[in-house]
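Before any comments, here is the structure.
Just so you know, ligand 1 is whichever comes first in the structure, and atom 1 is the first atom listed for that ligand.
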Amino acid sequence: MDIIPVSIPERAKNEREYVLRALDNNYIGSVQSKDKSIRFIDAIEEKFAEFVGVKHGIATTSGTTSLHLACRTVGVGPGDEVIVPDMTIISVSNAVFLSGGRPVFADVDKDTWCLDPKEVEKRVTKKTKAIIAVHAYGHPVDMDEINRIAKKHKLYVIEDVAVGLGALYKNKKCGSLGDIACFSFYSNKMINTGEGGMVVTNDDSLGKRASMLKNLAFSDDPMERFIHKEIGFNYRMKNLDAAIALAQLEQVDKFVNSRIRNAKLYMERLKDIPGITLPVEREWARNCYWMFGIVINEKEFGMSSFELMNYLLDKNKVKTRIETRKFFYPLHKQPAPEYQALKEPDELFPVSMRLWEEGMYLPSSNLLTEEEIDYITSTLRKIHKENKQR
Ligand SMILES: *Cc1c(COP(=O)(O)O)cnc(C)c1O
């Protein structure tokens, strides 16, 4: 391989068997068989909810559609504001816009890179309807604080656990801490089915409503099947994807442990290089280290994060190229006109602005070898040595 990619998906042992069972029995779509052994959507919904420690699982097509579904399930609509972190994937704020609401950005914590509860509190207004708490790069949000603010102002808490699967908050699984939670099974996530997702909730009426909205708001009553009382979506997962998800879930502890092992190896080797800030793990948290993020101080390290990314991709400078990714571009700065119309000033978001400049993540595949980590970390050390005098 001439490049170490940021992430390579790992296949699970039983995927092939389950997929072939679905295929051979002609149940590949979202309609379920009478035979329980072929009903992978039902199985993944039940087993996944059990894994998170909540009552209901609603299988969907992606993390993005899960977020839209969750927003509509709790009733986000025109006139509502939803507080979201300024540094996260655009799916989060798009879900609010697509629901007819207005995203309100809050700055993130400089160490955990997650929503900062003090910033959330400052942005609550009479119009606030919900908070989307995004567990960032594997570290949980300080959920007790978020839940305290939500309770005080009667807000819904939607967790985005797309990259927090396997993370713990005070020994509880992320995804079990708010009113409703969204997961992604995209190729680089902890459980990967190519594309896919899941909404979970402990609340019976939210669970029922999410299932109904995910399926075009068809009625349960066969006589009224084509009578729709509101606008729903087709966000139904396919049986083929559910078959893969189930096989993946069977091995999820192993997958999570691989990421944690990677992080430990990285930290031992990087901790004494000046100008590199490593990820944290608060005393109340277990970080699942979905991606191994670092923050580069240009002066101390000798090169900016942007220069470092280019250097690592330059065939003339490194033996094997190393793929990395920047942290997210601040949402309040997105050029899409809907975002620009919000006119949120940079001064409100010093941390997310700096993390965009300085933050990046290193290769983090489950199957990354210790030799590859040695190579990546010694390359960073060499670059620092050669450039620190600048
Ligand atoms: C990946 C991701 C999503 C979107 O998931 P998709 O399945 O790619 O749509 C949402 N939120 C976060 C935090 C993510 O990392």
Response to the item:
residues 154-178 vs salt bridge (Lys or Arg N to Asp or Glu O under 4.0 Å), sequence neighbours excluded, gives D144-K170

Discussion item. Apply side chain to side chain donor-acceptor pair (under 3.5 Å) to residues D241 and T193 and explain how you reach the verdict.
Written reply: CA-CA 6 Å; D241 295 337; T193 63; 5.1 Å; no

Worksheet item: Within 45° of the axis and under 6.0 Å from the centre of the six-membered ring of F306, does NZ or CZ of K326 qualify?
Response: yes

Worksheet item: Just checking, is any N or O donor in the side chain of S364 or Y289 under 3.5 Å from an acceptor N or O on the other one?
Response: no

Measure and list all N/O to N/O distances between ligand 1 and the protein that fall under 3.5 angstrom.
| unit_1 | atom_1 | unit_2 | atom_2 | d |
| --- | --- | --- | --- | --- |
| ligand 1 | 5 (O) | S184 | OG | 3.3 |
| ligand 1 | 7 (O) | G63 | N | 2.7 |
| ligand 1 | 7 (O) | S184 | OG | 2.7 |
| ligand 1 | 9 (O) | G63 | N | 3.4 |
| ligand 1 | 9 (O) | T64 | N | 2.9 |
| ligand 1 | 9 (O) | T64 | OG1 | 2.5 |
| ligand 1 | 11 (N) | D160 | OD1 | 3.4 |
| ligand 1 | 11 (N) | D160 | OD2 | 2.6 |
| ligand 1 | 15 (O) | K189 | NZ | 3.1 |

Item to complete: Scan V84, D142, I132, I131 and name whichever one has a side chain to side chain contact (heavy atoms under 4.5 Å, CB included) with L115.
Response: I131

Worksheet, complete the sentence: Value for CD1 (I3) from CZ (R321), rounded to nearest 0.5 Å, stands at 4.0 Å

